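The next block holds one structure in the form of structure tokens; read it before the comments.
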Amino acid sequence: MNRLGNKAVVVWFGDDLRLSDHAALTAAAQTGSPLVCLYVLDDSRVETGPRPLGGASRWWLAGSLRALEASLKKFGQTLVLRKGDAATIIPQIASEANAFAVYWIDNEIAGQAALARNVAHELERAGIEAKTFPSDLLARPQDIRNKDGRGLRVFTPFWKRVRSLGEPAQPLPTPRKLPPPVKIESDTLEDWQLDPSRPDWAGGLRAAWTTGEAAAQQRLHDFLEHEIKGYAIKRDRLDGDHTSHLSPHLRFGEITPRQVYHAATFAAAQKPAIAGDVEKFLSELGWREFWRHLLFDLPNLAEQNLQPSFDQFKWRPDAKALRAWQRGQTGYPIVDAGMRQLWHSGIMHNRVRMVVASFLVKHLLIDWRDGEKWFWDTLVDADPGSNPASWQWVAGSGADAAPYFRVFNPILQGEKFDPDGVYVSRWIPELANLAPSLIHHPWDATPMELTAAGVTLGKSYPEPIVDHKAARERALAAYAKTRS
DNA sequence: TTTTGAGTTGTTCGA
DNA sequence: GTCGAACAACTCAAA
């Protein structure tokens with residue numbers, strides 16, 4: 001019993017599937033009131049709601065919810081699952097539980113912010129307190145403004161401003177104990193069918209990932225302890241594993257940027273030799289932050305060109321080429337390797353993301369939105385900020401965007417970042433027997449070299465769907481037109 | 001106030 | 001083989 005009688009409190013979980021550094025959960029636990037831990041899957045494709053998850057993200061969500069359920073169980077708690085319109089369901093559950101308040105973390109994402117406003121409104125009408133807690137971001141978008149009150153559009157000044165605010169708050173520990181649960185009816189995860197079946201295409205995802213908060217913390221620890229040395233240079237290499245692999249964990253809030261920031265700066269203080277690598281790593285966290293802040297200002301980032309001049313751009317609809325790109329059948333080994341890694345593992349090395357995106361947008365002149373949608377569906381780390389913003393960055397229509405003349409050369413990029421062809425061989429085994437000097441441009445091999453490697457161009461591996469030089473010139477001409 | 005310089009991720013060309 | 005220049009337009013900060 002507490003000062004509120006036997007009234008309960010509801011914690012509404014969203015993209016914050018963890019128990020540590022969770023201000024809403026911590027505050028709810030401190031009330032001592034009986035507790036409802038709630039997750040609502042809002043699948044309704046309403047304009048104002050959050051963007052419906054892609055296939056790979058749905059798979060991740062299922063695993064993450066399972067992990068959260070298991071963690072809560074250790075505290076004698078349960079996770080209540082409901083599907084439908086959050087603005088209807090949350091007040092219902094709150095009154096069913098006889099709750100005096102609903103607490104949640106305000107993740108300040110476009111669709112979610114609108115939904116959260118509706119939820120708060122409905123709760124107020126029902127006489128139930130709606131209390132929100134600050135988002136996971138390192139800084140509040142409201143605090144990073146230029147003279148005109150707008151968010152910054154260039155990364156370096158943005159990141160300087162964020163850093164000038166000082167260290168982010170220390171992350172909160174996991175509550176020592178949680179109050180008992182209120183009995184509320186719940187869907188089961190099986191009801192939601194988040195995992196693919198018929199066919200089950202998630203084998204590669206299961207092999208590549210462990211979802212959940214504990215796995216996220218372990219990943220961060222391993223990365224800082226054993227892998228970060230040399231990050232500043234090695235992160236661009238495709239042979240070997242030199243990136244943190246934290247992105248999907250961050251996406252679903254299994255770990256917070258605050259936790260990553262403090263763990264990383266602590267590691268740098270212990271080992272001055274890695275200080276430069278840590279600084280580079282933190283700036284990657286800064287890019288995530290930058291894109292999120294951009295999304296805060298521009299909710300329609302996945303549809304609307306940030307630079308209006310691009311509205312006139314004549315993209316080239318080409319279903320056949322789009323499909324070849326999606327399936328990793330363009331005939332450019334570095335592009336195809338990336339697209340196959342994505343399809344198999346739900347992830348793609350960041351360097352290759354730039355190469356394949358540049359290829360779709362510039363070599364094929366296909367609308368960046370088509371690429372963005374494919375990534376949204378296939379990436380486990382598909383982020384409402386980073387994904388559209390990075391596509392716009394590559395296309396040149398975005399913030400701090402790549403200049404129009406930057407057309408990645410897929411052969412050079414391969415030779416530079418995968419010099420021994422390790423990455424290509426792994427994802428395109430049919431090219432594995434080609435010499436490293438040929439593996440990024442098999443069309444230059446002699447018939448004898450191809451035969452020796454067991455490659456038949458056009459059969460075992462496609463011919464290039466466009467010629468690099470011609471495609472580059474076509475892209476430059478098309479981009480020149482939008483400028484004038 | 002105005003001006004100036006710098007800005008994640010590249011490529012090609014010609015000297 | 002290496003190196004510098006050229007390839008826009010815009011945003012922000014510092015002078």
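The structure displayed is predicted, hence computed values, not measured ones.
Here B:dT12 presents its C1' atom at 10 Å from NZ of A:K469, a figure rounded to the nearest Å. Between A:R406 atom CZ and C:dA9 atom C1' there is a gap of 14 Å when expressed in whole angstrom units. Between the P atom of C:dC7 and the CZ atom of A:F408 lies a distance of 20 Å, rounded to the nearest Å. Note: CG (A:D400) to P (C:dA9) measures 17 Å, nearest angstrom. Following rounding to the nearest Å, A:K362 (NZ) and B:dT9 (P) show an atom-to-atom distance of 13 Å. For the pair A:R472 CZ and C:dC7 P, the interatomic distance rounds to 13 Å; values are reported in whole Å. Counting to the nearest Å, the C1' atom of B:dT11 and the NE2 atom of A:H363 are 11 Å from each other. When rounded to the nearest whole Å, the span between CZ of A:F310 and P of C:dA8 equals 13 Å.
A cation-pi arrangement is not found for A:K271 relative to A:F266, the charged atom failing to lie both closer than 6.0 Å to the ring centre and inside a 45° cone about the ring normal. Seen from the ring of A:W391, A:R369 does not count as a face-on cation partner, given the 6.0 Å and 45° thresholds. The side-chain tip of A:R327 points at the ring of A:W343 from less than 6.0 angstrom away and within 45° of straight on.
Closest to the side chain of A:N409, out of C:dA8, B:dT12, B:dT9, is B:dT12. When distances are taken from the side chain of A:M354 to each of C:dC7, B:dT12, B:dT9, the shortest belongs to B:dT9. Of all nucleotides listed (C:dA8, B:dC13, B:dT11), C:dA8 comes nearest to the side chain of A:F405.
Contact check on A:D236 versus A:R351 returns a salt bridge, with a Lys/Arg side-chain nitrogen under 4.0 Å from an Asp/Glu carboxylate oxygen. Ion pairing between a basic and an acidic side chain is recognised when a charged N comes within 4.0 Å of a carboxylate O; A:E430 and A:R340 show such pairing.
Remark: of the listed residues A:E254, A:E227, A:E225, A:E213, A:E227 is the sole one forming a salt bridge (Lys or Arg N to Asp or Glu O under 4.0 Å) with A:R219.
Other residues, nucleotides and ligands contribute at most 12 non-hydrogen atoms within 6.0 Å of the CD1 atom of A:I233.
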Q: Encode nucleotides 10-15 of chain C as B, S and - characters from 5' to 3', where the letter depends on protein heavy atoms closer than 4.0 Å: B to the base, S only to sugar-phosphate, - to neither.
A: -BSS--
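Only the C1' atoms considered, B:dT2 is 23 Å distant from C:dA8, to the nearest whole Å. For the P atoms, the distance linking B:dA6 with C:dA5 amounts to 14 Å, nearest Å.
C:dT11: Watson-Crick or G-U partner is B:dA6, with both key distances under 3.5 Å. In this structure, C:dC3 and B:dG14 make a Watson-Crick or G-U wobble pair, each of the two defining distances being under 3.5 angstrom.
Listed pair A:N350 / B:dT9 fails the phosphate criterion, with no side-chain N or O lying under 4.0 Å from OP1 or OP2. Within the structure, every side-chain polar atom (N or O) of A:H468 is placed at least 4.0 Å from both OP1 and OP2 of B:dG10. Within the structure, every side-chain polar atom (N or O) of A:Q413 is placed at least 4.0 Å from both OP1 and OP2 of B:dT9.
Residue-level contact check: A:L476 touches neither bases nor backbone, having no heavy atom under 4.0 Å from any strand.
Side chain of A:R292 to backbone of A:D383: no donor-acceptor contact under 3.5 angstrom is found.
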